[in-house]
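Structure, as structure tokens:
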Amino acid sequence: MRIDVVTIFPGYLAPLREALLGRAIDAGLISVAVHDLRTWTHDVHQAVDDAPYGGGPGMVMRPQVWGEALDAVVGDVPSGEAPPRLIVPTPAGRPFTQAMAHEYAAESRLVFACGRYEGIDQRVIDDAATWMPVDEVSIGDYVLVGGEVAVLAIVEAVARLLPGVLGNPASAEQDSFSDGLLEGPAYTRPETWRGRAVPDVLRSGNHGAIARWRRDRALERTAARRPDLLAALPPTALDRADRAL
Ligand SMILES: Nc1ccccc1-c1cnco1
């Protein structure tokens, strides 16, 4: 997978080259190119934003700069080849989910546009949508200063799903949300720590009982913390034992 990120703070994306993602890049599973948006400014101040029409606080990122940047970064898409998907993190976006991470993992190329200030002039999105799929995506209902943190989160969630990136592919299959539920509590050695013992069932060796206990804890946790996920489960997702909980 090829990933391009356009930002006014390229250094913010340095963590992409660390640890698991860094190894995936070194292995050639992913290529990541970070582009400084100011490359496509032509004034001495390298201005990337301007006052909003209609007044109001903050600044809006200029369409000319973004238009030239995306033209250059996306480049000419060879005929017959699918254009990349443009992902624009924004608090006004569609909530990012594990299902979307799987969708994005199937793409051969993703381009991320990191907006700051009060966002990017809407015409940039509208223009881009005439020649590539554009997703405006939110990573949560809170306000960040820019899209860079969201890009780090989305890229990590997507990249770990790519074949060969995770050491143990089973990890991705047993993710939280993979069965629509939150994962339950996890434990490791020592057996007792500060007077707290690991639940006996997890040391019993009874794999059926362990699976049941883990499912029950996942259902309890999901009901307590994310009842919306429970309500969204298809009726067939809960078996009789689940309902007895
Ligand atoms: N708050 C923001 C400001 C700028 C770019 C993205 C965001 C964002 C994305 N998901 C939540 O917030």
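These numbers come from the heavy atoms of this one structure, side chains and all, not from hydrogens, waters or symmetry mates. Atoms within each ligand, like the ligands themselves, are counted from 1 in listed order.
- The hydrophobic cluster around V198 extends to Y187, V201, L202, I210, W213, counting ILVMFWY residues whose side-chain heavy atoms fall within less than 4.5 Å of a member.
- Every residue two or more places apart in sequence or in another chain that forms a side chain to side chain donor-acceptor pair (under 3.5 Å) with Q122 is listed here: D126.
- Judged by distance alone, with hydrogens and angles left aside, the side-chain atoms of R109 form no donor-acceptor pair with the main-chain N or O of P83 at under 3.5 Å.
- Contacts of ligand 1 (protein heavy-atom distance under 4.0 Å) are P89, T90, P91, G115, S138, I139, G140, Y142, V143, L144, G146, G147.
- Using cut-offs of 30° and 60° for the angle between ring planes, the W40 and H35 rings count as tilted.
- Formation of a donor-acceptor pair under 3.5 Å by the R17 side chain with backbone atoms of V32 is found in this model.
- Partners of A113 according to the side chain to side chain contact (heavy atoms under 4.5 Å, CB included) rule, which considers only residues two or more places apart in sequence or in another chain, are W66, L86, V88, I120.
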